[in-house]
Amino acid sequence: MDINGRNFIKFQDRLNKYDLQNSPEAAEKQHSKGKLLAWERIHILFDEGTFEEIDAFVTPASIEKGFGRMTHTFGDGVIIGHGKISGRLAFAYAQDFNVMGGSLGAVHAAKIMKIQNMALKMGAPIIGLIDSGGARIQEGVASLAGYAGIFYRNVQSSGVIPQISVIMGPAAGGAVYSPSITDFVFMTNKTSHMFVTGPNVVKEVLNQDVSFEDLGGAEVHARKSGVANMIYEDEENTLLGVRKLLSYLPSNNLENSPYVFLAETQKDTDEKLREIVPDDTNKPYDVKDVINLIFDKGSFYEISELYAQNIVIGLGRLDGKTIGIVANQPKVLAGTLDINSSMKAARFVRFCDSFNIPLLALEDVPGFLPGIDQEHSGIIRHGAKLLYAFADATVPRITIILRKSYGGAYCVMNSKNLGGDFNFAWPTAEIAVMGPEGAVAILYRKELSESDDPAKLRKDLAAKYRSEIANPYIADEKGFIDEVIDPSITRKKLISAYEALENKHVSVPSRKHGNIPL
Ligand code: HXC
């Protein structure tokens, strides 16, 4: 090429113009709001020097019927490309709020679809960095069609490649639905917001005053709606969080997760595990203490930590291998299963099953949460989601009953007859149709009503039930439990059990797809 030639000068001119889009003024606009430029985000997400942008010079569509104005830019407000994250291929798109509020027009959408197609074809994760006012109003229906095309590709990719959405500014209107289809949603506290309709519309339609933060801030979505799985205090840590999550995941549904071994060996037995479950059966404890003692040191990565805290979900490593953990949390609502915790765990079980991640259920659950509110809101069909998800999963599945395993909750939490591969119990396990107090009240109603001292009779009968029925040994003798184990050997037991399940293969009946109670 002649570097003084006409075409080369034009080429250089284009590069200069492209660079101007990230001028100090443009950077200041974002930085003053505590946000980074799209490019700066990409640099943190990918290994240094590995990101390759494509379609940098496409220009926005023209609008036929002039309403509003279009800003002429190179790239139409979104960066797309590929690079390496911890040495593995990944695809990404990053919206630029400085270009028409990161709004999505036809060309912008076509670029996102292009990168979605590539990620699916290459079998590599895709990460969307979202900072957008939604459908670009000036482009009308073409913007809506663009969103529909993105949603379609999200669905085609679901369960094939990991899809992660990172909200780094507004995600308004159409911008919220792609994230909600993807596997995980990350948000940055205070600077990111998600809503279908913003505070202005809420005011107009309902005459209610609400701030951005209270309507769709990161805290709201992490604690109340459950839309956000992970929140971080700033953008850099949010992006580092995405890198961390990806380190547990395979690149696609045909691969296994990468092994990540600890630098130093960890002993396989730990007597501290014997001391966690209190003698008093009604006393709470933190199931995360159990998780941290079983899994490779420091490897537990909790997901949706702030939402439905009566169940704990997350990824951990056992001798280097990724395992998906679902654990009842006796510290919150006594570990009962309610609508939110059932949905939280069910979606996670489906994710792990899609991506060949073996499952572990740690069980201590007195039952489903009773009450009019739960019943009227549909605990029957929402609880069924968790049941369905476990029963449908073909990855290796192990349960350890730590303490309570009563009623429907026994069945739901990956019991043997639901297809669990190994079910172990600690000696502290209580496995029965219901708890002692409930059982006594039903079976001895007549005796209690006729007794001179019903309180004492109730207490004595409950004690008898607890010692004779509410233990793991009846289930053990009938084969519903494979083994009652000393808690201190739990890690060792699990490592060898998952090794035995390494080549698990299940043939499923031919069908289009099951009909999970959505
Ligand atoms: C075109 C848009 C836009 C949009 C923002 N802008 N949203 N342009 N289409 N949807 C432009 C603004 O005109 C402005 O341009 C620039 O982006 C920055 O916007 P500001 O309002 O100045 O910024 P800020 O105060 O930070 O507020 C950001 C915002 C707000 C919260 C995103 O702009 C907003 O509420 N936008 C509309 C959100 C919305 O209702 N989206 C729904 C679209 S319908 P200038 O030139 O002045 O810098 C939809 C349906 C799809 O998405 C359904 C699919 C299922």
Side-chain angles (χ1 to χ4, degrees), residues 20-23 25-38 59-73 75-78 93-113 116 128-155 165-182 185 187-188 190-206 208-218 220-221 227 235:
L20 271 181
Q21 291 180 187
N22 292 317
S23 64
E25 296 74 48
E28 180 48 26
K29 255 184 164 174
Q30 284 284 89
H31 293 169
S32 63
K33 293 184 232 163
K35 291 161 62 178
L36 296 171
L37 286 171
T59 50
S62 53
I63 46 170
E64 286 142 28
K65 303 213 162 91
F67 187 84
R69 53 198 140 59
M70 293 281 280
T71 315
H72 180 92
T73 53
D76 200 22
V78 64
Y93 67 89
Q95 294 177 310
D96 182 351
F97 188 77
N98 281 336
V99 180
M100 292 177 273
S103 59
L104 183 132
V107 172
H108 182 122
K111 284 180 71 174
I112 296 176
M113 289 188 260
Q116 286 183 298
L129 308 183
I130 289 146
D131 193 352
S132 172
R136 188 175 294 158
I137 301 161
Q138 300 88 309
E139 293 193 44
V141 67
S143 313
L144 302 180
Y147 266 126
I150 292 168
F151 304 156
Y152 177 77
R153 283 161 183 78
N154 283 136
V155 174
S165 302
V166 193
I167 315 301
M168 315 201 85
V176 298
Y177 279 110
S178 169
S180 68
I181 304 169
T182 60
V185 175
M187 289 182 82
T188 308
K190 304 282 191 270
T191 52
S192 70
H193 301 99
M194 292 179 86
F195 34 71
V196 175
T197 53
N200 294 342
V201 178
V202 173
K203 175 74 185 167
E204 259 170 48
V205 179
L206 300 165
Q208 288 173 350
D209 289 304
V210 65
S211 67
F212 273 59
E213 199 56 29
D214 289 344
L215 184 64
V220 163
H221 284 307
V227 168
E235 293 199 357

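If you're wondering where the values come from, they're calculated on a predicted model, not measured in any experiment. Order of listing sets the numbers, starting from 1, for every ligand and every atom in it.
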Trace of the side chain to side chain contact (heavy atoms under 4.5 Å, CB included) decision for Met194 with Ile130
CA-CA 10 Å; Met194 292 179 86; Ile130 289 146; over 6 Å; no
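- Lys111 has no carboxylate O lying under 4.0 Å from a charged side-chain N of Asp76, or vice versa, which leaves the two without a salt bridge.
- Within 4.0 Å of ligand 1, the residues that place a heavy atom are Arg69, Phe97, Met100, Gly101, Ser103, Gly133, Gly134, Ala135, Arg136, Ile137, Gln138, Leu144, Phe151, Pro170, Ala172, Gly173, Gly174, Phe212, listed by chain and number.
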Under 3.5 Å, which donor-acceptor pairs link side chains of residues 197-204 to any protein atom two or more places apart or in another chain?
| from | atom 1 | to | atom 2 | distance (Å) |
| --- | --- | --- | --- | --- |
| Lys203 | NZ | Asn207 | OD1 | 3.2 |
| Lys203 | NZ | Asp209 | OD1 | 3.3 |
| Lys203 | NZ | Asp209 | OD2 | 3.4 |

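- In this structure, the side chains of Phe151 and Ser178 come closer than 4.5 Å at one or more pairs of heavy atoms.
- Considering only heavy atoms from C-beta on, Val99 stays 4.5 Å or farther from His108 through its side chain.
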Under the side chain to side chain contact (heavy atoms under 4.5 Å, CB included) criterion, do Thr191 and Lys33 qualify, and how do the steps go?
CA-CA 7 Å; Thr191 52; Lys33 293 184 232 163; 5.7 Å; no
